[in-house]
**Student:** 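The following block contains the structure, expressed as structure tokens.
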Amino acid sequence: MTLPPRDFRKIGPNEGERFPDVVLPDQRGRVVDLHAARAGRKAIVVFYRSAEW
Amino acid sequence: MFPALAANNVALFAISYDTVAILSAFAETHGIGYSLLSDEGSLVMRRLGLINQRVQEDHAFYGIASSPRHVNLPYPGVFVFDETGTITHKRFHESYRERDTGAGLMAETLGVLDGRGGETAVEGDTVRLRAWLDSPTYCMFQRLHLTIELAIAPGFHVYGEPIPRDYTPLSVDVTPIEGLELGPIRWPLPHPFTVEGLRETFHVHEGTVRGVLPFMFTAPPGAGDQILLATVRYQACSASTCLPPAVIQLAIPVREVALVGRSLPT
């Protein structure tokens with residue numbers, strides 16, 4: 001038995017698009033504007049399930 | 001990996017639905033200095049279209065017990081973007097268990113090679129062989145890559161496939177280890193080659209050729225450090241001379257990184 005395959009091209013923003021604006025608090029509670037915080041650098045953004053479980 | 005990020009001017013952010021308090025404790029336990037962003041309520045992940053609508057179904061498939069925490073989860077994955085913020089790579093995996101190493105991801109998406117491990121070099125008669133891993137360490141289910149590079153002496157070639165009988169194609173075999181899963185090695189396509197007076201068509205590599213072998217360890221944490229034993233076989237010939245088949249043995253160490261305080265969901 002296998003799960004039906006997903007087409008990840010249809011999930012989330014795609015290559016060639018600008019990564020959307022994201023403003024969220026970090027682990028110190030400071031509000032981070034992702035594009036401002038990268039200060040013109042390339043960036044890697046990882047989405048993961050949880051740091052707790 | 002993190003000096004490599006700084007040296008290459010790459011910012012790193014990790015986003016989950018955990019509260020700031022959970023992220024704070026996690027960062028402290030693991031000594032994490034990069035930004036862990038708290039998307040409590042998964043609003044950003046929802047806006048970006050990353051919420052996995054099939055979590056219950058997936059968890060049933062993977063044998064994971066249901067929990068009130070298992071809602072509004074994103075697909076696990078990675079975006080890489082350039083200086084202008086344009087997405088250059090998007091990598092998502094079907095299973096939460098499988099993930100790229102940081103070094104491997106940087107090598108593949110950003111061309112950053114600082115994170116190499118297990119570097120080995122062997123001088124053969126007509127071939128200089130180098131091998132390395134894209135990360136010196138592994139965690140269970142991380143996707144790693146063993147790269148084998150042959151610099152072939154000018155005027156010589158080594159054989160790829162298809163190949164006539166009685167010749168030895170370039171190949172890499174890794175001795176099995178419990179829990180080691182190997183993908184097929186990827187070589188560049190060899191080009192057709194004929195020798196005057198011989199009917200057969202050969203397919204050959206010349207110059208520098210790199211093969212990339214994906215692998216991962218699926219044994220539970222605590223399996224310990226490993227040594228990949230790889231056997232590289234090839235046969236080098238020139239237009240006038242054919243050398244006997246050659247074998248190079250490699251022993252490439254890779255250290256286990258324990259998942260401190262983590263376990264797979266049961």
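All values below come from the heavy atoms of this structure, side chains included, with hydrogens, waters and symmetry mates left out.
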**Student:** Which residue, Val20(B), Leu36(B), Ile15(B), forms the side chain to side chain contact (heavy atoms under 4.5 Å, CB included) with Leu24(A)?
**Tutor:**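 So, applying the side chain to side chain contact (heavy atoms under 4.5 Å, CB included) to Leu24(A) and each of Val20(B), Leu36(B), Ile15(B), only Ile15(B) qualifies.
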**Student:** Which of these passes side chain to side chain contact (heavy atoms under 4.5 Å, CB included) with Phe13(B): Asp26(A), Val22(A), Val45(A)?
**Tutor:**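 Looking at Asp26(A), Val22(A), Val45(A), the match for Phe13(B) under the side chain to side chain contact (heavy atoms under 4.5 Å, CB included) is Val45(A).
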**Student:** If I measure from the heavy atoms of chain B, does Val32(A) come under 4.5 Å with its side chain, its backbone, both, or neither?
**Tutor:**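 Just its side chain gets close to chain B.
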**Student:** Between Glu17(A) (side chain) and Ile87(B) (backbone), is there a donor-acceptor pair under 3.5 Å?
**Tutor:**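 Checking the backbone N and O of Ile87(B) against the side chain of Glu17(A), no donor-acceptor pair under 3.5 Å is found.
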**Student:** Roughly how far, to the nearest 0.5 Å, is OH of Tyr34(B) from CD1 of Ile44(A)?
**Tutor:**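 Answer for the CD1-OH pair, Ile44(A) versus Tyr34(B), is 10.5 Å.
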**Student:** Pick from Ala21(B), Ser16(B), Ala27(B), Gly49(B): which one has the most heavy-atom pairs with chain A under 4.5 Å?
**Tutor:**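 Most heavy-atom pairs within the cutoff with chain A belong to Ser16(B).
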**Student:** How far does CZ of Phe81(B) sit from CD of Glu15(A), to the nearest 0.5 angstrom?
**Tutor:**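 Nearest 0.5 Å value for the CZ-CD distance: 13.0 Å.
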**Student:** Please check if the side chain of Arg38(A) supplies one atom and the backbone of Glu83(B) the other of a donor-acceptor pair under 3.5 Å.
**Tutor:**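 Flag set: sc Arg38(A) to bb Glu83(B) pair under 3.5 Å.
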**Student:** Start with the C-alpha distance between Lys90(B) and Asn14(A), add both sets of side-chain angles, then the distance that settles side-chain contact (heavy atoms from CB on, under 4.5 Å), and finish with yes or no.
**Tutor:** CA-CA 7 Å; Lys90(B) 170 174 158 179; Asn14(A) 279 311; 2.8 Å; yes
**Student:** Name all residues meeting the salt bridge (charged side-chain N to carboxylate O under 4.0 Å, His left out) criterion together with Asp21(A); count only those two or more places apart in sequence or in a different chain, and write none if there are none.
**Tutor:**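 Partners of Asp21(A) by the salt bridge (charged side-chain N to carboxylate O under 4.0 Å, His left out) criterion, ordered by chain and then number, come out as Arg18(A).
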**Student:** Between atom OG1 of Thr84(B) and atom NE2 of His35(A), what is the distance when rounded to the nearest 0.5 Å?
**Tutor:**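 If I round to the nearest 0.5 Å, the distance is 9.0 Å.
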**Student:** Atom OG of Ser38(B) and atom CZ of Arg28(A): how far apart are they, to the nearest 0.5 Å?
**Tutor:**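 That separation rounds to 14.0 Å.
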**Student:** Heavy atoms only: give me the nearest Pro20(A)-Arg47(B) pair and the separation to one decimal.
**Tutor:**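 Taking Pro20(A) first and Arg47(B) second, the nearest heavy atoms are CB-NH1, 4.1 Å.
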**Student:** Please report the shortest heavy-atom distance between Asp18(B) and Ser50(A), naming the atom on each side.
**Tutor:**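 For Asp18(B) versus Ser50(A), the nearest heavy atoms are OD1-OG, 2.7 Å.
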**Student:** To the nearest 0.5 angstrom, please state how far the CG atom of Leu37(B) sits from the CZ atom of Arg30(A).
**Tutor:**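 CZ of Arg30(A) is found 10.5 Å from CG of Leu37(B).
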**Student:** What residue in Ile51(B), Thr86(B), Thr19(B), Ile32(B) has the most heavy-atom pairs under 4.5 Å with chain A?
**Tutor:**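 Looking at each option in turn, the highest pair count goes to Thr86(B).
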**Student:** Hey, which of Leu73(B), Leu48(B), Val78(B) is the one that makes side chain to side chain contact (heavy atoms under 4.5 Å, CB included) with Phe47(A)?
**Tutor:**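 The residue from Leu73(B), Leu48(B), Val78(B) that satisfies side chain to side chain contact (heavy atoms under 4.5 Å, CB included) with Phe47(A) turns out to be Leu48(B).
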